[in-house]
S.K.: 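Attaching a single structure in structure tokens format; questions to follow.
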Amino acid sequence: MIASAPGKIILFGEHAVVYGRPAIAAPVSQVRATAVVTPNEGEGVRIIAPDLDADFLLDEADQSDALVATMRQIQTAAGLARLPNLTVTVRSDIPIASGLGSGAAITAAVIRAVAGQLGLARLATDEWVSGLTYEVEKIHHGTPSGIDNTVVAYEKPVYFVRQQPRNIIETFKVKRPLRLLVADTGVRSSTKIAVGDVRRHWEAAPIQFEALFDGCGRIAAAARTAIEAGDVTAIGRLMTENQRLLVEMTVSSPELDALVAAALRAGALGAKLSGAGRGGNMIALVEDEEMETAVRQALLAANAHTVLTTTIKSRN
Ligand code: PMV
């Protein structure tokens, strides 16, 4: 049984989404995590992750490991006293710790493949894959908003609001496909640390940070309207406005600032960091091939490690 899940970018509203403001995220389908599950002859559950140099038996592993936690989530959700003998091999071409949701994608791919292999159709639904991935995300993140697991499980652009008792998850129309460059600073950054720092700033200056979160929420709501209307100029402007607020939230970095500035100088319609920040990836919106070439060159000249292009479209 083989299953995969995509990387993701956050278009609008990272960090503020943890505090109940709306955010927009989209899958990046050309970078993926893939899990292959096969029965084995009496080894128990064996997990092989060549990219992480890992090959271990579930029962002998550190139980706080994310892959182990993933298997335990499936076991509990399926109500199984023991998991059958399975070999789970995981590969990913999503860069880790760089804001592209690699952890969530690996978890989602494993859940889908194991559920498929065990004939647990309910656990392989988008809703269950998302919910179980969320439980595992808590290990990476501390207080995840739920947006990462949602977008990698549903593999659609989503408008997301964290709230009790149920998050708002809406898909929406992308009137004109959005052509984005995704550029990696090459600096790895911990989501948990960035999210924790924002929390400390919010506790120390609640009025200022609530206002910043409100600003991000307003931008995300306006961006949804602009995406539905196909107004790429407005979308770009909103991205750059969102970036200004993220700088104030202390989650940008010199490398991210340099890439954002280079993209804008080269004519991008808008640019911002994507994900937790402090490193990882930034995104730049371009209108056509000519603009894409100019912005790509500018990003590489400003020390981007990799630049990939992704197009965000409506999906049914
Ligand atoms: O670093 P990433 O891509 O996992 O992004 C996390 C997004 C945050 O809004 C910063 C945190 C969250 O849980 O939503």
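Since the structure is predicted, the reported quantities are computational estimates derived from the model, not experimental observations. For ligands, and for the atoms within them, numbers begin at 1 and follow the listed sequence.
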S.K.: Without placing hydrogens or testing angles, list every side-chain donor-acceptor pair under 3.5 Å for residues 195-213, not counting sequence neighbours.
M.R.:
residue	atom	partner	partner atom	Å
Asp197	OD1	Arg200	NH2	2.7
Asp197	OD2	Arg278	NH1	2.7
Trp202	NE1	Glu210	OE2	2.8
Glu210	OE1	Arg21	NH2	2.5

S.K.: For ligand 1, what are the residues with a heavy-atom contact below 4.0 Å?
M.R.: Lys8, Ile10, Glu14, His15, Val17, Val18, Gly99, His141, Pro144, Ser145, Ile147, Asp148, Thr191, Val195, Gly275, Ala276
S.K.: Identify the two heavy atoms, one from Leu238 and one from Ile219, that lie closest to each other, and give their separation to 0.1 Å.
M.R.: O-CG2, 3.6 Å
S.K.: Between Ser92 and Asp51, is there a side-chain donor-acceptor contact under 3.5 Å, judged purely by atom types and distance?
M.R.: no
S.K.: I'd like a table of donor-acceptor pairs (distance under 3.5 Å, sequence neighbours excluded) in which one partner is a side-chain atom from residues 294-308, with atom names and distances.
M.R.:
residue	atom	partner	partner atom	Å
Arg296	NH1	Val307	O	3.0
Arg296	NH2	Thr309	OG1	2.5

S.K.: Are any of the side-chain heavy atoms of Leu120 and Trp128 separated by less than 4.5 Å?
M.R.: no
S.K.: How would you list all residue pairs meeting ring pair (Phe, Tyr, Trp, His ring centres under 6.0 Å) that involve residues 267-295, not counting sequence neighbours?
M.R.: none
